[in-house]
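Here is the structure we will look at, set down as structure tokens.
Convention: sequence-line order gives letters A, B, ...; per-chain numbering from 1. Basis for what follows: all heavy atoms, side chains included, without hydrogens, waters or symmetry-related copies. Note that this is a predicted model, so its numbers are computed, not measured.
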Number of protein chains: 2
Amino acid sequence: MNAVMDFPIVLAPLGMLRPCATCVVRRTSVCDAIPEADLARLGATAIGGIARPGTQFIADADPATSFFNIISGTARMYKLLPDGRRQITGFANGGNFLGLAVSDTYAFSAEAIDTVRYCRFPRVRLRMLMRDFPRMEERLLKFASTELVAAQEQMLLLGRKSARERVASFLLARSRLVPAGQRSPVHFVLPMARGDIADYLGITIETVVRTLKKLRDERIIEVTNTSEIEICDQAALRCLANGSHP
Amino acid sequence: MNAVMDFPIVLAPLGMLRPCATCVVRRTSVCDAIPEADLARLGATAIGGIARPGTQFIADADPATSFFNIISGTARMYKLLPDGRRQITGFANGGNFLGLAVSDTYAFSAEAIDTVRYCRFPRVRLRMLMRDFPRMEERLLKFASTELVAAQEQMLLLGRKSARERVASFLLARSRLVPAGQRSPVHFVLPMARGDIADYLGITIETVVRTLKKLRDERIIEVTNTSEIEICDQAALRCLANGSHP
DNA sequence: CGGTCACTTGATCGTCTTCAATACCAGTGG
DNA sequence: CCACTGGTATTGAAGACGATCAAGTGACCG
């Protein structure tokens, strides 16, 4: 029952002495605010951890004792209604920061989709870090702003877009995660299941499936193995995504 | 065509010399981060302004040159689709802070609903203020986090709640803005029109009207003058809002 | 193989949208 | 004072989109 495991970061993942120095997401995460010289202190502040697929590592309404910096893997953040209806508010990848809370409790839950490796920052220690490195706070503010912009875009999607437009928007957003350079056709893997996509887009699994099938029939995308997507007609998808054209 | 007007804050609103000192929202806004002794500098940084009803004062995709601190009135923030569909992402009241942007351009628009008085902070000057007063950045981060939590709640509403649940949630949220102390029945005025409510809740005007009528018929709320709401059965509304009970 | 689980597909149903008409209210000018 | 006007709100009837229900498929695994 202990699928979520913490361990001293100095031992993880391969017993390296200066794990932060070689961290693949350091330069793209909030940790970029800490100068090279202070990486030891950063390493002493963070606690490495792993969440196995399906494991919840942040629980709505629980005391917000820690912040999480995702290293690798994909997590889903979500909120539930009492009767079980679920809204996924976002997916977190390597470099993302989780756990910003207003009050002393989390306002959402988070689960690992595949295996998620993360660094956990106890709240108090992160606060000290922010005090000593104002750039850290700056970085967090920038991150929160980014999240806010994404959330507003998602509200537009949830409130005003048709199922077809939602799926198109989702595929486009996912395609933007692919490192630039690879040219058309863009190709990527969806780490999440159909149910996750449905709960993220505010529709049902069946509608996700049917819409994907339709897009495939129209030669706008290609779907293989249910989780691999290839975007054949990016222009068409872009039009669909914002309703420019039926 | 100049319904949005700026003027030196030292002249506003009554020619006071230290306007920040008497600002009614100072203690509840980001300005609370600035110590009394430095209010003069704060006043020199901000530029007072007024937006008349219906006037847009932040335009999506425009260069994000300023941040806004709302003093009084209510504004709507929104995003549009090319064909005119609108999603209102939030309403801003006195004490709220607007304009957080990732890139150099705004990611949303904002319009005054009634007459809105605000303080405008040119981006560069605010940055200097944040540098000299780290508490300012801390305050902004807290504000952004609050917005983020609200956005997640709204995503749950837009993605997974029925029209009835949306309206109930909206009325409850509005009732929470009423200063505590007044007890049941809670009574308040909606500054926004039906169309704004509809575009905020991701439904149509007609559905808003019909749902309000139904709630009124069921003696859960009372509606007078189309803009005054009285909550008669708060418990029932709370149940409705999260779908605990049909 | 029999089990589970995720995905897919089809048929029916219901909520909310759309379209259209009417009511209401404040402001304006005869 | 009162008809006129524009905007918002309300109400009714018809239709559509997506949800729900139900069944079937395929992959993986003990």
Self-check item: ring-ring contact (aromatic ring centres under 6.0 Å, His included) pairs, two or more places apart, involving residues 202-229 of chain B
Solution: none

Practice problem: Working to the nearest 0.5 Å, report the span between CZ of A/Phe68 and CG of A/Leu98. | Solution: 8.0 Å

Quiz item: Restricting to pairs with a member in residues 201-211 of chain A, which pass salt bridge (charged side-chain N to carboxylate O under 4.0 Å, His left out), not counting sequence neighbours?
Solution: none

Quiz item: Do side-chain atoms of B/Arg160 reach the backbone of A/Ile203 as a donor and acceptor pair under 3.5 angstrom?
Solution: yes

Practice problem: Using side-chain hydrogen bond (donor to acceptor under 3.5 Å, both in side chains) as the criterion, list what pairs up with B/Ser103, not counting sequence neighbours. | Solution: B/Thr105

Quiz item: How would you list all residue pairs meeting ring-ring contact (aromatic ring centres under 6.0 Å, His included) that involve residues 195-237 of chain B, not counting sequence neighbours?
Solution: B/Phe91-B/Tyr200, B/Phe170-B/Tyr200

Quiz prompt | Axis deviation across the helix from C/dC1-D/dG30 to C/dG30-D/dC1, five-pair ends, to the nearest 10° | solution = 20°

Quiz item: Can you check whether A/Ala241's main-chain N or O pairs, donor with acceptor, with A/Lys161's side chain at less than 3.5 Å?
Solution: yes

Practice problem: Please check if the side chain of B/Lys79 supplies one atom and the backbone of B/Ala107 the other of a donor-acceptor pair under 3.5 Å. | Solution: yes

Practice problem: Shoot me the first and last contacting nucleotide of DNA chain D against chain B, ordered 5' to 3', at under 4.0 angstrom to non-hydrogen atoms. | Solution: D/dA9 to D/dA13

Quiz item: Can you list every pair that meets side-chain hydrogen bond (donor to acceptor under 3.5 Å, both in side chains) and has a residue in residues 60-77 of chain A, with sequence neighbours left out?
Solution: A/Ser29-A/Asn69, A/Ser66-A/Arg120, A/Ser72-A/Arg117, A/Thr74-A/Asn93, A/Arg76-A/Glu111, A/Arg76-A/Asp196

Practice problem: Sequence neighbours left out, what pairs pass salt bridge (charged side-chain N to carboxylate O under 4.0 Å, His left out) with at least one residue falling in residues 225-243 of chain B? | Solution: none

Practice problem: Heavy atoms under 4.0 Å is the rule here; annotate nucleotides 7-20 of chain C 5' to 3' with B where the base is hit, S where only the sugar-phosphate is, and - elsewhere. | Solution: SBBBB----SBBBB

Dump every N/O contact between nucleotides 21-24 of chain C and the protein below 3.5 Å, one line per pair.
none

Quiz prompt | Partners passing side chain to side chain contact (heavy atoms under 4.5 Å, CB included) against B/Ala144 (at least two apart in sequence or in another chain) | solution = A/Leu141, A/Ala144, B/Leu100

List the atom pairs, with distances to 0.1 Å, where a side-chain N or O of residues 213-221 of chain B and a protein N or O form a donor-acceptor pair under 3.5 Å, not counting sequence neighbours.
from     : atom 1 : to       : atom 2 : distance (Å)
B/Glu218 : OE1    : B/Arg164 : NH1    : 3.4
B/Glu218 : OE1    : B/Arg164 : NH2    : 2.9
B/Glu218 : OE2    : B/Arg164 : NH2    : 3.3

